[in-house]
Amino acid sequence: MRMRKKPNLIPRMERCAEYLITDPEAWRGRWREKLSPNCALRLELGCGKGRFTCETAAAEPDVLFVAVERVPDAMVIAMERAKAVGLANVFFIDADVACLRDYFSPDEVERIYINFCDPWPTNRHAKRRLTHPGFLELYRHVLRDGGEIHFKTDNSGLFEWSLFQFPKADYALSEVTRDLHGGGIRGVMTDYEEKFHSLGTPINRCVATKLHREPALPEENATPEEMPLL
Ligand SMILES: C[S@@+](CC[C@H](N)C(=O)[O-])C[C@H]1O[C@@H](n2cnc3c(N)ncnc32)[C@H](O)[C@@H]1O
């Protein structure tokens, strides 16, 4: 369910309109025109208020970042942060992650960040978890082979469940830790991460790398209609 929009949302959005992509379908397959032809393209899914997005983009000006967030009241804060420091390599899409294939073409993306996504603890809502098998298949369409998902969460139940899902969807796990900051702060923190870390909650992190899948071979007795196009 969408939050009710704050009354001053529209003028705030307009003041940083250069960061908002209102026609993401039009950029499908040509995002790099926004920065440089051979730049890496990374997505952040559910960027919230954008501390991680903006600090990461500032640290890597040659990388193009596109952040997707379905709550505009949070996303406008991220856009304001980008404008405040004049970032030229980050853009925002106000949309549901489920639409990703409409906005990015196959193999277009090098890396996806999923930071502190909602855990949706009941089985009834499991499909909404951004690491649900349905979403992991969706990401496979836009990630190139060898592309990575960088996943962080405070929720150990969600983390253990996700560690089980990634290999089933043909991703290889690496850099698995259940206490990312145990030896001191590592990497750029998100807004949620800072809050949980300050409360003493350990942060879980892993990297899931998309493995190549051979196209399925036709079954021996398959009729021509059942045979996949190779
Ligand atoms: C718990 S917050 C974390 C925000 C930020 N990543 C952080 O770590 O500070 C999760 C964010 O993901 C967004 N979100 C959840 N599911 C989404 C979806 N399907 N499409 C787009 N955004 C989504 C929510 O609106 C929310 O802003």
Side-chain angles (χ1 to χ4, degrees), residues 1-6 9 12-13 19-22 24-25 42-59 65-82 90-104 109 111-122 124-143 148-159 161-162 165 177 180-181 185-199 201-208:
M1 192 180 69
R2 285 202 165 198
M3 279 164 60
R4 197 152 52 87
K5 289 187 175 64
K6 293 206 173 94
L9 176 68
R12 285 173 68 194
M13 284 265 189
Y19 290 99
L20 180 64
I21 305 293
T22 53
E25 294 92 347
R42 301 186 193 165
L43 310 184
E44 190 187 358
L45 306 181
C47 70
K49 296 176 184 172
R51 170 178 168 175
F52 179 88
T53 326
C54 293
E55 287 189 18
T56 309
F65 291 86
V66 179
V68 181
E69 172 54 60
R70 67 179 173 190
V71 176
D73 276 321
M75 198 183 74
V76 74
I77 297 171
M79 291 165 58
E80 287 167 345
R81 282 174 158 169
V90 63
F91 298 92
F92 296 88
I93 303 176
D94 172 20
D96 198 294
V97 169
C99 300
L100 224 52
R101 281 181 84 176
D102 298 335
Y103 308 150
F104 299 92
V109 175
R111 186 181 296 179
I112 291 176
Y113 295 103
I114 303 174
N115 292 321
F116 300 84
C117 61
D118 304 304
W120 296 107
T122 64
R124 196 158 65 93
H125 293 130
K127 282 190 174 167
R128 298 180 190 179
R129 296 173 193 152
L130 293 185
T131 53
H132 184 274
F135 278 111
L136 298 186
E137 277 306 309
L138 173 67
Y139 307 148
R140 287 190 65 88
H141 288 282
V142 300
L143 273 178
E148 296 173 344
I149 300 173
H150 289 212
F151 176 51
K152 289 199 277 192
T153 179
D154 61 298
N155 188 299
S156 53
L158 175 68
F159 188 64
W161 183 84
S162 304
Q165 306 305 328
T177 173
L180 178 63
H181 306 302
I185 303 291
R186 283 178 57 202
V188 176
M189 281 212 183
T190 81
D191 291 293
Y192 269 68
E193 186 171 5
E194 187 178 43
K195 193 177 79 180
F196 287 118
H197 178 66
S198 67
L199 293 172
T201 310
I203 304 301
N204 305 281
R205 178 181 181 272
C206 69
V207 173

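Read the numbers this way: they start at 1 and go in the same order the structure lists the ligands and their atoms.
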Q. Does Arg51 pair with Glu194 as a salt bridge, N-O distance under 4.0 Å?
A. yes
Q: Report the nearest protein non-hydrogen atom to atom 1 (C) of ligand 1: residue, atom name, distance rounded to 0.1 Å.
A: Phe116 O, 3.0 Å
Q: Measure the NZ-OG1 distance between Lys195 and Thr190 for me, rounded to the nearest 0.5 Å.
A: 9.5 Å
Q | Which of the ligand 1 atoms, numbered from 1, are nearer than 4.0 Å to a heavy atom of Ala95 | A | 20 (N), 21 (C)
Q | Heavy-atom proximity to atom 4 (C) of ligand 1, best of Pro72, Cys99, Gly46 | A | Gly46
Q. What's the shortest distance from atom 9 (O) of ligand 1 to any protein heavy atom, and which residue and atom give it?
A. Tyr192 N, 3.0 Å
Q) For atom 20 (N) of ligand 1, which protein heavy atom lies nearest, and how many Å away is it? A) Val97 N, 2.9 Å
Q. Are Glu44 and Asn115 close enough, and set up right, to give a side-chain hydrogen bond (donor to acceptor under 3.5 Å, both in side chains), and what steps lead you there?
A. CA-CA 8 Å; Glu44 190 187 358; Asn115 292 321; 3.1 Å; yes
Q: Could you find the nearest protein heavy atom to atom 24 (C) of ligand 1 and give me its residue, atom name and distance?
A: Glu69 OE2, 3.5 Å
Q) Nearest protein heavy-atom contact for atom 19 (N) of ligand 1: which residue, which atom, what distance? A) Asp96 OD1, 3.0 Å
Q | Arg128 charged N/C atom sitting above Trp120 aromatic ring, 6.0 Å / 45° | A | yes
Q. Can you tell me which residue and heavy atom of the protein come closest to atom 15 (C) of ligand 1, and the distance to 0.1 Å?
A. Asp118 OD2, 3.2 Å
Q | Residue of the set Val66, Ile93, Asp94 for which side-chain contact (heavy atoms from CB on, under 4.5 Å) holds with Ile21 | A | Ile93
Q | Which residue and heavy atom of the protein sit nearest atom 8 (O) of ligand 1, plus the separation | A | Thr190 OG1, 2.7 Å
Q | Distance in Å, Arg111 CZ paired with Ile149 CD1, rounded so as to fall on 0.5 Å steps | A | 12.0 Å
Q) What part of Ala98 sits under 4.0 Å from ligand 1 if we count only heavy atoms: the side chain, the backbone, both or neither? A) neither
Q. Which ligand 1 atoms are under 4.0 Å away from a heavy-atom of Asp191?
A. 9 (O)
Q) Do Lys49 and Asp73 meet the salt-bridge criterion of a basic N to acidic O distance under 4.0 Å? A) no
Q: Can you establish whether the number of heavy atoms outside Tyr113 located under 6.0 Å from its atom OH is more than 12?
A: yes
Q | Of the listed options Arg70, Lys195, Met189, Glu193, closest to atom 22 (N) of ligand 1 (non-hydrogen atoms) | A | Arg70
Q: Please state whether Gly50 comes within less than 4.0 angstrom of ligand 1, counting heavy atoms only.
A: no
Q. What is the minimum heavy-atom distance between Arg12 and Ile77, and which atoms define it?
A. NH2-CG1, 3.7 Å
